[in-house]
There are 2 protein chains.
Amino acid sequence: MEKIIRKPPRNRRKMQSVTMTDVAELANVSPSTVSLFLRKPEAVSASASQTISRAIDKLNYVPNLMAGGLAAASSRAVSIIVPSVRNAFFAETVSAMQTALKKQRLQLILGHTEYDEHEEEELVRMALSWAPAAIVLTGLSHSPATRRLLANVAIPVIEIWELGGPQIDSAIGFHHDQVGIAAAEHLIQQGRRNLVFLGARMHQDRRAKQRCDGFLEAARNGGATARVVEHPDAASAEIGAMLLSDALRLYPDADGISCSNDHIALGALFACDRLKVAVPERLAVVGFGDLSFSAACNPPLTTIRPSGDLIGREAARLIEDHLNGEKPERQLTIDTRFTLQHRRSS
Amino acid sequence: MEKIIRKPPRNRRKMQSVTMTDVAELANVSPSTVSLFLRKPEAVSASASQTISRAIDKLNYVPNLMAGGLAAASSRAVSIIVPSVRNAFFAETVSAMQTALKKQRLQLILGHTEYDEHEEEELVRMALSWAPAAIVLTGLSHSPATRRLLANVAIPVIEIWELGGPQIDSAIGFHHDQVGIAAAEHLIQQGRRNLVFLGARMHQDRRAKQRCDGFLEAARNGGATARVVEHPDAASAEIGAMLLSDALRLYPDADGISCSNDHIALGALFACDRLKVAVPERLAVVGFGDLSFSAACNPPLTTIRPSGDLIGREAARLIEDHLNGEKPERQLTIDTRFTLQHRRSS
DNA sequence: GACAACAATAATAGCGCTACGATTCAAATG
DNA sequence: CATTTGAATCGTAGCGCTATTATTGTTGTC
């Protein structure tokens with residue numbers, strides 16, 4: 001009952017050597033003013049601004065975003081979860097988003113699922129523990145637990161690179177079945193009637209599957225035959241070459257090939273070269289992605305170009321708008337479309 | 001003076017609906033125990049563990065990492081700054097790091113500089129404001145301000161993808177000049193004497209420049225002639241094709257080509273195909289990177305394979321060790337080496 | 001010249017969590 | 001049986017910042 005004896009203060013590890021208080025002292029203002037200056041410079045008088053600014057420079061002050069985020073109940077982080085950054089498509093989107101978000105002083109927290117829904121769920125949980133300003137997921141397919149986690153968050157949830165299914169909140173992307181349809185229609189228009197789709201990892205890559213399905217249906221609707229040759233591993237030129245050989249062996253009358261992406265298409269072109277199959281005379285080849293090499297191939301590859309960077313920019317814009325309080329309707333859907341690049345391979 | 005009238009409490013926006021205290025209440029323990037359970041489960045009794053675990057599940061509790069980080073004076077974030085994630089090399093490292101760090105429940109905060117030192121400086125500043133557990137930079141070349149920012153931080157600073165210069169703290173990578181040397185020696189060994197290096201963006205990409213310089217020196221030391229043909233833009237197959245045509249026009253006697261990376265080499269191979277230049281008979285081609293298509297080319301590309309994923313894994317291991325208190329000597333240097341993949345293009 | 005209106009600044013009370021020391025309680029020891 | 005030990009748990013005091021209200025000073029108005 002008489003523990004009035006003040007124990008010596010514990011020594012807690014300090015995180016920072018120089019805090020906002022230090023800046024305030026040097027600038028002869030209150031910490032509040034420094035905080036205000038940092039958040040809304042226009043609300044602070046010119047003279048105060050100058051002294052504070054000088055003090056910050058002199059002390060080399062770096063604000064602690066965790067303290068700030070904790071106090072403000074939201075952070076300057078945006079979480080983005082993609083299947084893999086090794087994939088050029090997602091790398092492009094991540095890169096574009098990063099560039100756009102940089103202007104808002106928002107940081108990207110990256111996670112990759114490797115096409116595993118359970119992994120995604122864990123990543124979403126980790127992401128939420130940062131109280132991010134927004135969370136970006138790839139695709140519309142998520143585990144029930146993931147949906148539950150995201151059902152009632154107050155921040156924008158943006159699903160990218162896929163449209164055409166039930167969305168959690170906003171979605172930015174395009175319809176992959178339409179990509180398949182566009183490829184099929186193009187080949188038919190080029191006079192091809194025996195079409196084959198070369199696919200990789202379609203049991204995991206839902207979007208590749210959608211492109212394939214759209215292709216098959218459109219081909220058949222257009223009066224062409226349509227077959228699929230696939231491989232369980234991830235897309236690569238090597239697998240593309242294998243698939244093309246298989247396709248020509250199984251369907252010697254094939255005259256039009258659509259590939260689940262440009263890596264496959266590149267391998268197919270190499271295989272055609274080796275097998276002395278004339279492209280496009282004997283076989284037309286269409287890819288997807290318009291990757292860096294696609295225009296430089298022999299022959300240059302006809303391909304469908306998605307707008308990976310536009311997806312990233314639009315996502316960033318949505319987040320920015322939300323941050324500025326312009327709360328747009330939820331369940332927003334933005335179709336970024338795609339374009340067919342007609343080159344010599346078809 | 002008589003402001004003893006307590007004003008009604010302000011209503012601050014709460015960040016979370018369910019906090020650690022809620023979990024503690026439901027589990028009938030103190031918040032401290034919940035915290036302990038989350039950080040060191042083995043220090044909590046089995047029965048308590050179970051009730052807490054159940055309460056967490058029931059409430060769908062997500063810890064607030066910002067509060068945790070603030071209190072613990074360090075966060076579960078690792079900041080990685082690369083020139084670009086669009087670049088397959090860095091994407092590979094980022095991906096490998098992410099996979100390794102995931103096991104430690106560490107999150108990657110990504111930044112890209114687009115080869116701009118000033119941008120890097122800003123990114124480092126932003127990174128530091130997250131009080132990350134470690135910070136990873138690309139290369140050894142940084143602005144003085146960046147060095148100053150990082151000079152006295154208590155966390156590991158890891159520079160990746162380059163060795164051979166003054167390092168801030170630890171460095172993981174390889175010597176790019178040795179890559180150039182290996183390419184030159186290989187071509188000479190194959191009987192080539194008139195060598196050309198095809199380079200892109202070498203005014204910005206220091207490491208490409210180092211490879212080029214190593215190549216030139218080794219070639220000349222080996223009694224070969226060595227020339228450079230370069231382009232200011234970023235590497236791509238298209239530019240590779242242009243550079244090859246230029247090289248053959250300028251140096252018709254060239255019999256060995258080394259490319260600053262496999263994109264360039266791919267374009268070079270395409271150009272050779274179009275120009276009916278026999279590879280390797282008339283012209284040997286060596287790349288750098290061993291990208292996904294390199295083994296599938298016509299002919300398969302001889303290339304030097306850096307270990308991008310090993311760099312990422314080693315960086316993660318360093319960070320992990322530091323987190324576990326095993327403070328290794330600073331200024332650690334890890335040479336991850338590279339390997340020459342001899343294929344048919346040389 | 002009294003008062004309102006406004007701009008600029010300051011004081012205060014947390015945000016949710018962790019580190020640290022303190023406390024409790026059971027088992028082990030002399 | 002008093003004491004020691006150790007494991008398990010708890011209480012407290014911030015971490016560095018922001019949102020909100022409160023306070024000050026400075027104009028403008030009738």
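Quick note on labels: first sequence line is chain A, next is B, and so on, each numbered from 1.
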What stem regions, each of at least 3 consecutive Watson-Crick or G-U pairs below 3.5 Å, can be found for DNA chain D?
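In DNA chain D, stems of three or more pairs: C:1-30 with D:1-30.
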Going by atom types alone, do B:S143 and B:T146 pair a side-chain donor with an acceptor below 3.5 Å?
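Yes, B:T146 and B:S143 have a side-chain donor paired with an acceptor closer than 3.5 Å.
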Is the closest side-chain donor-acceptor distance between B:Q167 and B:T333 under 3.5 Å?
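On atom types as modelled, these side chains qualify, holding a pair under 3.5 Å.
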Would you kindly give the [atom1]-to-[atom2] distance between [X] and [N], to the nearest whole Å?
{"X": "B:M66", "N": "C:dC15", "atom1": "CE", "atom2": "C1'", "value": "9 Å"}
{"X": "B:W130", "N": "D:dC17", "atom1": "CH2", "atom2": "C1'", "value": "13 Å"}
{"X": "B:K40", "N": "D:dT9", "atom1": "NZ", "atom2": "C1'", "value": "14 Å"}
{"X": "A:L38", "N": "C:dT9", "atom1": "CG", "atom2": "P", "value": "15 Å"}
{"X": "A:L36", "N": "D:dC17", "atom1": "CG", "atom2": "C1'", "value": "13 Å"}
{"X": "A:N64", "N": "C:dC15", "atom1": "CG", "atom2": "C1'", "value": "13 Å"}

Select one nucleotide: of D:dG16, D:dG14, C:dT9, the one nearest the side-chain heavy atoms of B:L70.
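Looking only at side-chain atoms, B:L70 lies closest to D:dG16.
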Measuring from the side chain of B:A71 (C-beta onward, heavy atoms only), which nucleotide among D:dT18, C:dT18, D:dC17 has the closest atom?
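Among D:dT18, C:dT18, D:dC17, the one nearest the side chain of B:A71 is C:dT18.
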Sorted by number, the residues of residues 18-25 of chain A with heavy-atom contact under 4.0 Å to DNA chain D
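Contacting residues: A:T19, A:M20.
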Neighbours of DNA chain D within residues 42-61 of chain B, by heavy-atom distance under 4.0 Å
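Within residues 42-61 of chain B, the residues near DNA chain D are B:V44, B:S45, B:A48.
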Just to confirm, is there a sub-4.0 Å distance from OP1 or OP2 of [N] to any side-chain nitrogen or oxygen of [X]?
{"X": "A:R39", "N": "D:dA19", "answer": "yes"}
{"X": "A:S32", "N": "C:dT9", "answer": "no"}
{"X": "B:S35", "N": "C:dT18", "answer": "yes"}

Please identify each residue that fulfils side chain to side chain donor-acceptor pair (under 3.5 Å) with A:T21, with sequence neighbours left out.
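A:T21 satisfies side chain to side chain donor-acceptor pair (under 3.5 Å) with no other residue.
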Residue pairs passing the salt bridge (charged side-chain N to carboxylate O under 4.0 Å, His left out) test where at least one lies in residues 109-121 of chain B, sequence neighbours excluded:
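Counting only pairs at least two positions apart or across chains, the salt bridge (charged side-chain N to carboxylate O under 4.0 Å, His left out) contacts touching residues 109-121 of chain B are A:K102-B:E119, B:E121-B:R125.
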Any salt bridge (charged side-chain N to carboxylate O under 4.0 Å, His left out) pairs touching residues 41-63 of chain A, not counting sequence neighbours?
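As it turns out, there is no salt bridge (charged side-chain N to carboxylate O under 4.0 Å, His left out) pair with a partner in residues 41-63 of chain A once direct neighbours are skipped.
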Pairing residues for [X] by the side-chain contact (heavy atoms from CB on, under 4.5 Å) criterion, not counting sequence neighbours:
{"X": "B:A100", "value": "B:A316"}
{"X": "B:S53", "value": "B:F37"}
{"X": "A:E320", "value": "A:Q104, A:N324"}
{"X": "A:L65", "value": "A:R76, B:S129, B:W130"}

Which residues pass the ring pair (Phe, Tyr, Trp, His ring centres under 6.0 Å) test with A:Y61, not counting sequence neighbours?
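None.
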In residues 105-113 of chain B, what donor-acceptor pairs under 3.5 Å come from side-chain atoms, sequence neighbours left out?
residue : atom : partner : partner atom : Å
B:H112  : NE2  : A:T99   : OG1          : 3.1
B:T113  : OG1  : B:Y115  : N            : 3.1

Quick one: does any side-chain atom of A:S79 pair with a main-chain N or O of A:A127 as donor and acceptor, under 3.5 Å?
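Such a contact is absent between A:S79 side chain and A:A127 backbone.
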Over all strands shown, is A:P63 touching base, sugar-phosphate only, or nothing at heavy-atom distances under 4.0 angstrom?
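Answer is sugar-phosphate: A:P63 comes under 4.0 Å of backbone atoms only.
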Indicate, with a heavy-atom threshold strictly under 4.0 Å, whether B:L65 touches base, sugar-phosphate, or nothing.
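Nothing, no nucleic acid heavy atom in range.
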Can you check whether any acceptor in the base of C:dA11 is under 3.5 Å from a donor in the side chain of A:S30, or vice versa?
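When only heavy-atom distances are counted, A:S30 does not reach the base of C:dA11 through any donor-acceptor pair under 3.5 Å.
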